[in-house]
**Q** 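Supplied in structure tokens, the structure appears directly below.
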Amino acid sequence: MAKKISVVIPAYNEEKNIPLVSQAIVDVFSSLPYAYEIIFVNDGSSDNSLLELLRLGQSDHRIKCLDFSRNFGKESATSAGCHVAQGDAIITMDADLQHPPALILKFLQLWEQGAEVVYTVRKENKGSSWIKKIFSKLFYFIFNRVSGMRTESGSTDFRLMDKKVIEVFRKFPERERMFRGMIDWMGYKREKVEFVAPERIHGNANYSYNKLFQLALNSFTSFSLLPLRLAGYFGIFITFVSGLLLAIMLITDWFFNPTTFTPIAILGVSNMFLIGIVLISLGFIALYIARIHNEVINRPLYIVREKVNFDGEEKVDQLM
Ligand code: UDP
Ligand code: MG
């Protein structure tokens with residue numbers, strides 16, 4: 001029996017891109033000896049994305065759709081697709097054709113040669129603003145130093161994962177997630193493919209700066225305890241320095257020149273420092289407590305309103 005490949009595509013307001021990307025994928029597979037399914041996850045789109053998907057799904061049962069009850073974000077949408085995917089390998093990609101479907105060929109070659117994870121690195125992102133580029137560079141620079149694992153700058157969600165990788169992934173229960181970070185964290189035999197991302201054809205990039213910032217923050221708190229420790233280090237450092245300063249102030253004042261610093265000035269300085277430390281520590285602790293809170297309430301990661309073209313054989317979703 002032919003091996004089966006699942007293509008997972010999160011889609012949020014992509015009505016114009018959906019027919020193009022699915023046609024491009026069908027074309028790629030038409031010359032390949034694989035069975036395949038294309039799983040679109042409609043992440044609460046407010047345009048006609050769902051209608052497009054239903055239309056496509058009617059003429060081709062390999063085009064499947066999970067319809068979310070609202071927008072849960074790309075990370076949840078990608079996860080949902082992976083939770084129901086049946087393939088021997090799973091490919092994740094964006095709906096906006098910024099991830100060239102032609103590369104799937106290369107992915108499958110590497111997979112057949114034994115790669116368990118094929119990841120891509122974007123050489124040049126046309127249409128991406130310089131602010132985004134700088135923040136992305138900065139993010140990877142800090143993240144790699146802080147997290148104890150390696151994620152390459154410019155690496156994307158356009159990937160292939162072997163079934164066994166996804167089977168392990170399905171067991172991950174965390175709610176605050178960054179899909180590619182979790183896959184990178186898992187290790188396995190990895191191969192890299194580089195590509196140049198073309199511009200988006202239709203619509204606008206849906207990732208606002210706010211969402212990107214949230215994602216970056218999530219990655220730090222998911223994979224590193226440094227922010228929590230940082231407050232501690234900072235506290236020790238400032239306590240030490242201000243303690244020294246205070247000692248100098250007091251000695252100068254009492255023994256040599258009593259008018260140099262007034263007691264109130266001394267008190268003021270030390271108070272300012274201490275308040276700063278306390279506030280910073282509180283800020284970081286709040287971040288972690290928010291995470292614990294999210295994990296503890298144990299709400300599902302997403303809600304599927306409807307499944308289209310699934311035959312009911314797919315594994316029961318771990319998180320639902
Ligand atoms: N996306 C999603 N939910 C969201 C935002 C985006 O499923 O809340 C999808 C979107 O439809 C696209 C992919 O995630 O398929 C990447 O989004 P976008 O092109 O906006 O991001 P960028 O290219 O800047 O990474
Ligand atoms: Mg895009």
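Read the numbers this way: they start at 1 and go in the same order the structure lists the ligands and their atoms.
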**Q** Is there a side-chain contact between Val84 and Lys64 in this structure, where contact means two heavy atoms from C-beta onward sitting under 4.5 Å apart?
**A**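 They are not in side-chain contact.
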**Q** Is Asp157 touching ligand 1 with its side chain, its backbone, both, or neither, if touching means heavy atoms under 4.0 Å apart?
**A**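 No part of Asp157 comes within reach of ligand 1.
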**Q** I'd like to know if Asp94 pairs up with Lys74 as an ion pair, taking the criterion as any Lys NZ or Arg NE/NH1/NH2 lying under 4.0 Å from an Asp or Glu carboxylate oxygen.
**A**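 Answer for the salt bridge query: yes.
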**Q** Show the numbers, then the answer: is there a side chain to side chain contact (heavy atoms under 4.5 Å, CB included) between Leu66 and His83?
**A** CA-CA 11 Å; Leu66 287 182; His83 289 152; over 6 Å; no
**Q** Looking at Glu194 and Lys192, is any side-chain nitrogen of the basic one under 4.0 Å from a carboxylate oxygen of the acidic one?
**A**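 Counted as a salt bridge, because a side-chain N and a carboxylate O are separated by less than 4.0 Å.
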**Q** Where's the contact between Asp94 and ligand 1, heavy-atom distance under 4.0 Å: side chain, backbone, both or neither?
**A**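 Asp94 to ligand 1: contacts from backbone and side chain alike.
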**Q** Does Glu14 approach ligand 1 within less than 4.0 angstrom via side chain, backbone, both or neither, non-hydrogen atoms only?
**A**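 Answer for Glu14: side chain.
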**Q** No waters, cut-off 2.8 Å: how many protein N, O or S atoms are close to the Mg ion (ligand 2)?
**A**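 Excluding waters, the total comes to 2.
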**Q** As an exercise, identify every atom of ligand 1 less than 4.0 angstrom from a heavy atom of Gly73.
**A**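 It comes down to these atoms of ligand 1: 3 (N), 8 (O).
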**Q** Check this for me - ligand 1, Ala77, N or O atoms closer than 3.5 angstrom, yes or no?
**A**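 No; every N/O pair is 3.5 Å or more apart.
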**Q** As an exercise, identify every atom of ligand 1 less than 4.0 angstrom from a heavy atom of Pro10.
**A**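 Matching atoms, with element in brackets: 7 (O), 9 (C), 10 (C), 11 (O), 12 (C), 15 (O).
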**Q** Quick one: list whatever passes ring-ring contact (aromatic ring centres under 6.0 Å, His included) with Tyr119, sequence neighbours left out.
**A**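 For Tyr119 there are no ring-ring contact (aromatic ring centres under 6.0 Å, His included) partners, ignoring immediate neighbours.
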**Q** Please confirm whether Ala95 comes within less than 3.5 Å of ligand 1 when only nitrogen or oxygen atoms on both sides are compared.
**A**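 So ligand 1 has an N or O lying under 3.5 Å from an N or O of Ala95.
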**Q** Do the two ring centres, one from Phe107 and one from Phe158, sit under 6.0 Å apart?
**A**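 Close enough - the centres of the two rings lie under 6.0 Å apart.
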**Q** Should you measure from each heavy atom of Asn71, which atoms of ligand 1 turn up under 4.0 Å away?
**A**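 Going through ligand 1 atom by atom, the ones under 4.0 Å from Asn71 are 3 (N), 4 (C), 8 (O).
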**Q** If we count only N and O atoms by modelled type, under 3.5 Å, do the side chains of Asp96 and Asn17 hold a donor and an acceptor together?
**A**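 No, because no side-chain N or O of Asp96 sits under 3.5 Å from a partner of the opposite role on Asn17.
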**Q** Among Val8, Asp157, Val21, which one satisfies side chain to side chain contact (heavy atoms under 4.5 Å, CB included) with Met93?
**A**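 Exactly one option meets the side chain to side chain contact (heavy atoms under 4.5 Å, CB included) with Met93, and it is Val21.
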**Q** Ignoring hydrogens, just give me the one of Asn13, Asp43, Asp96, Ile18 whose non-hydrogen atom is nearest atom 19 (O) of ligand 1.
**A**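 The option holding the nearest heavy atom is Asp96.
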**Q** Assess whether a salt bridge exists between Arg55 and Glu52, defined as any Lys/Arg side-chain N lying under 4.0 Å from an Asp/Glu carboxylate O.
**A**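 Salt bridge: yes.
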**Q** Under the 6.0 Å and 45° cation-pi test, does Arg190 pair with Tyr188?
**A**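 The answer is no, since Arg190 fails at least one limit relative to Tyr188.
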